[in-house]
Amino acid sequence: MKLRFFILNLFVFGIIINQTVCAQELSWTEAGNGIWKVTVGKPEDYNLLKAAGVKPQIASLQKMNKAEPLIAKKEIFARVQDGKTYLRFPLQKNEQIYGFGLNFQTIHQRGRILRLHTDHYSNTDNGRTHAPVPFFISSNGYGIFINSARYLDVYAGSAVRKDSKNPPKIQDRNTDKNWSARPYSDAVEILVPAEGVEFYVFSGPSPLEVVQRFNLFNGGGCLPPRWGLGFTQRVERLYNAEQVKNEAKEFAEQHFPLDFIGLEPGWQSKSYPCTFEWDNSRFPNPAQLVKELGQMGVKLNLWTNPYVSPEASIYPKIAPFTGSHTVWVGAVPDLLKPEARDILFSKFKKDHIDIGISGYKIDEVDGGDSYLWPDVATFPSGISAEQMRQTYGVLMQKYSTELFHQKNSRTYGLVRASNAGGVSFPYVIYNDNYSHQDFITGLINSGFSGVLWTPEVRASKTSEEWLRRMQTVCFSPMAMINAWASATKPWSFPDVADKVKEVALLRMQMMPYWYSEFAKYHFDGTPPFRAMNLETGFQMENRTEKVNSSLEENPYEEAVSKEIKDQYMAGEYLLVAPFFTGQTSRKVILPKGKWFDFYTGKFAGDGEVITVTSNLGNIPVYVKDGGIIPMMPPLLHAPKSGEKVDLEIRYYGQKNAKYRLYDDDGETFNYEKGDYSWREIVVEKQADGKYSGKITVPEKGKPNTIGKVSWKFMTIDNQAFLCFRTKQMLLKIAQLSTLIRLPLKITFSIYYFQKNHSRLSGF
Ligand SMILES: *[C@@H]1O[C@H](CO)[C@@H](O)[C@H](O)[C@H]1NC(C)=O
Ligand SMILES: *[C@@H]1O[C@H](CO)[C@@H](O)[C@H](O)[C@H]1NC(C)=O
Ligand SMILES: *[C@@H]1O[C@H](CO)[C@@H](O)[C@H](O)[C@H]1NC(C)=O
Ligand SMILES: *[C@@H]1O[C@H](CO)[C@@H](O)[C@H](O)[C@H]1NC(C)=O
Ligand SMILES: *[C@@H]1O[C@H](CO)[C@@H](O)[C@H](O)[C@H]1NC(C)=O
């Protein structure tokens with residue numbers, strides 16, 4: 001023990017003497033099960049974890065397997081020089097890396113050069129994004145998180161050192177066609193503009209477990225209220241109270257689900273900069289409005305940005321606690337000054353939350369440079385403009401969430417910026433770009449960085465586009481139309497109105513599933529929406545030889561090694577493969593293991609690339625073998641606290657299966673005190689070949705909102721997948737020769753007869 005201290009002191013001494021720390025000298029301290037903290041030089045006092053006030057979920061972490069990070073510790077290098085910290089992490093051949101925040105165009109980050117900087121998304125992935133989370137995950141099964149609230153320069157496997165262990169081959173451009181302008185690099189290098197930093201190393205062993213540990217370390221994912229997972233409409237910006245009520249009535253008349261309405265800037269007497277006060281002419285009695293909407297089962301969410309108008313009543317009081325520069329001539333509260341927080345959030349509490357407002361949409365806390373405070377701005381707390389920018393979104397989330405916590409009423413809202421540390425805050429990121437493809441790539445990347453993202457729907461040029469966008473938003477963390485500028489309604493395109501309603505009602509039916517999956521985000525750290533790369537059997541395997549890159553010969557291997565930007569996992573069992581406007585068919589990569597069609601229960605494929613056509617108009621969704629999807633009736637509003645709801649449990653495939661169904665009051669924070677229950681659903685094949693399901697009884701004294709339980713075995717013909725195979729084979733033979741058409745016809749008839757027969761006899 002004494003010797004260890006002595007050695008530790010030596011390291012500290014060493015750092016001071018020559019400001020250089022060699023790889024072997026880094027001291028690792030365990031910071032949680034499978035998490036190590038490494039300190040280099042003198043880290044700054046203010047960092048991402050501190051800004052968020054993160055409390056790791058130690059008990060949940062403890063339940064995970066013990067594992068060492070699959071990275072060569074000795075090859076991690078750090079040094080402090082010129083007031084900056086240089087970090088280097090080794091990369092192996094065939095290793096891929098993911099993360100570095102909410103990217104919109106790229107999944108694979110190896111080879112990229114980024115400056116992690118909070119900003120809006122300006123149509124390129126250069127590190128400037130709403131959530132520039134300095135965390136990356138390796139396909140080899142470890143993750144690295146740099147706990148710094150600075151702009152970080154990242155060379156994610158792009159630079160080549162003279163002393164590289166795996167140097168690229170030198171090629172002569174004169175004669176060698178293989179010459180590359182981007183030679184092979186064997187390290188991630190990061191420059192931190194500070195005289196020290198702490199970083200964390202997360203073990204897996206799988207990439208998903210790396211992400212789980214990161215999320216749990218950051219406090220666990222948020223658990224939205226049930227109503228947060230229903231449907232939400234944001235109305236046109238100058239709507240008045242009558243129009244808002246009429247909107248709610250219209251939804252009810254149309255029999256379209258609606259859990260909350262969002263008001264845009266016009267609810268405030270002045271906006272950009274903001275007064276945070278109701279506009280008397282449009283909203284003469286906001287408390288009454290909230291009450292009347294509440295009677296219709298609809299809650300109210302308020303848009304705001306935090307920039308204080310000189311005409312706001314709180315302005316004189318808050319002015320001394322604001323930054324040197326303004327945003328749209330509004331003062332910027334220094335959220336690190338308790339006085340500023342008190343003044344701002346007391347206003348929120350008194351004028352909004354106390355009358356029953358359910359949440360916020362916190363706008364423009366990200367950038368861009370042309371309107372946000374510049375890096376030369378100063379703040380009374382002494383925190384630099386740069387650090388303030390990297391954490392402002394997290395601070396707004398933290399302190400607004402606290403208001404709801406004090407009321408013991410959960411919230412679920414929107415925010416334009418986040419960072420590490422923000423994992424547990426119940427906010428979903430959105431932005432101004434409207435590329436449907438990029439929105440889906442964003443959804444995929446959100447799962448790597450502990451943030452949530454909604455591919456919100458605003459307007460569309462065609463009904464096809466409207467339907468496609470509505471389908472993806474219903475398979476995302478927040479099912480929302482943002483009609484602030486378009487005034488669109490779900491039924492704005494009559495020819496697809498039925499299909500749109502169908503998917504919105506499906507969203508409602510799936511609420512028990514979504515809610516349980518969010519509970520797993522909170523308690524297990526598993527992101528509810530995530531990349532295929534986090535799916536077992538989908539990672540590039542740790543191969544020494546290159547995979548066969550011939551698409552014809554091995555399409556699955558080829559597909560898996562590419563960036564997958566158009567399909568994702570939703571919860572434990574679902575694979576979602578959206579259609580974009582103009583597509584009549586698309587390829588879907590089904591990981592190894594059997595997959596079944598969500599709508600029909602039919603076998604769809606196993607470790608292969610399939611082609612689906614768009615003619616049915618549904619969003620393609622596939623269920624993993626043994627998938628259990630708990631559903632409720634298609635209610636128009638989320639069940640209220642304590643409301644009992646019948647459950648239809650759908651089962652897909654052939655494997656014996658288990659599912660953990662989460663239950664609590666759905667509205668309060670009582671789950672933090674243990675007021676929740678997990679019920680186990682089990683489906684097993686019986687001796688007679690039939691399947692049967694069971695659900696455990698509710699725990700005594702724990703919340704129980706489940707009414708009658710019914711079962712639906714979706715994969716009726718459990719031999720169908722075999723027939724599917726046979727049919728595929730026969731089709732191939734049919735292509736070879738016309739001579740065997742007749743016998744084939746007979747075979748098919750027998751096949752169909754058997755199939756129809758088994759369908760009739762059912763289970
Ligand atoms: C270029 O690469 C190809 C394929 O890897 C290889 O067959 C060929 O020999 C290389 N050419 C040279 C000049 O090294
Ligand atoms: C969104 O980003 C894409 C680039 O991926 C760009 O083509 C498009 O114009 C952007 N849309 C908006 C509204 O900024
Ligand atoms: C991956 O391959 C490297 C080098 O061949 C090896 O050292 C490492 O143990 C492998 N990792 C796994 C998870 O198999
Ligand atoms: C890869 O595919 C090529 C071309 O189709 C084939 O000739 C070769 O045998 C395959 N190699 C391996 C290792 O499977
Ligand atoms: C089986 O059902 C299909 C429709 O699902 C029908 O087209 C076909 O004629 C039936 N075949 C037999 C042999 O009953």
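As the structure is a prediction and not an experimental result, all values here were calculated from the model. When a ligand or atom number is given, it counts from 1 through the structure's own listing order.
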Considering only the protein, which heavy-atom contact is closest to atom 13 (C) of ligand 2, and what is its distance?
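Checking every protein heavy atom, the shortest distance to atom 13 (C) of ligand 2 gives Y434 N, 3.9 Å.
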Does Q437 approach ligand 2 within less than 4.0 angstrom via side chain, backbone, both or neither, non-hydrogen atoms only?
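Contact part for Q437 vs ligand 2: neither.
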Which is it for F104 and ligand 2 at heavy atoms under 4.0 Å: side chain, backbone, both or neither?
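Neither; nothing of F104 gets under 4.0 Å from ligand 2.
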Any idea which atoms of ligand 2 are less than 4.0 Å away from a heavy-atom of D438?
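What qualifies from ligand 2 is 2 (O), 3 (C), 4 (C), 5 (O).
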Sub-4.0 Å atoms of ligand 2 with respect to non-hydrogen atoms of Q105:
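Per the distance check, 4 (C), 5 (O).
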With a 6.0 Å cut-off on ring centres, are F529 and W514 close enough?
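Here the rings of W514 and F529 have centres that are less than 6.0 Å from each other.
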Please confirm whether the ring centroid of Y412 lies under 6.0 Å from the ring centroid of W227.
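Distance test on ring centres: not under 6.0 Å, no.
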Does NZ or CZ of R469 fall inside the cone over Y434's six-membered ring, less than 6.0 Å from its centre and within 45° of the axis?
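Pair R469/Y434 counts as cation-pi.
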Using heavy-atom distances, let me know which of N433, D125, N431, T124 sits nearest atom 14 (O) of ligand 2.
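The residue whose heavy atom sits nearest atom 14 (O) of ligand 2 is N433.
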List the steps and the verdict of ring-ring contact (aromatic ring centres under 6.0 Å, His included) for Y272 and W328.
CA-CA 6 Å; Y272 289 90; W328 295 301; 5.0 Å; yes
Is any heavy atom of the protein nearer than 4.0 Å to atom 2 (O) of ligand 2?
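So atom 2 (O) of ligand 2 has protein heavy-atom neighbours under 4.0 Å.
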Show the nearest heavy-atom pair for residues Q567 and K587, with the distance to one decimal.
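In this case the closest contact between Q567 and K587 is OE1-O, 4.4 Å.
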So which atom in G447 and which in V211 form the shortest heavy-atom distance, rounded to 0.1 Å?
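That would be O-CG1, 3.4 Å.
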Short N/O distance, under 3.5 Å, between N123 and ligand 2?
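So ligand 2 has an N or O lying under 3.5 Å from an N or O of N123.
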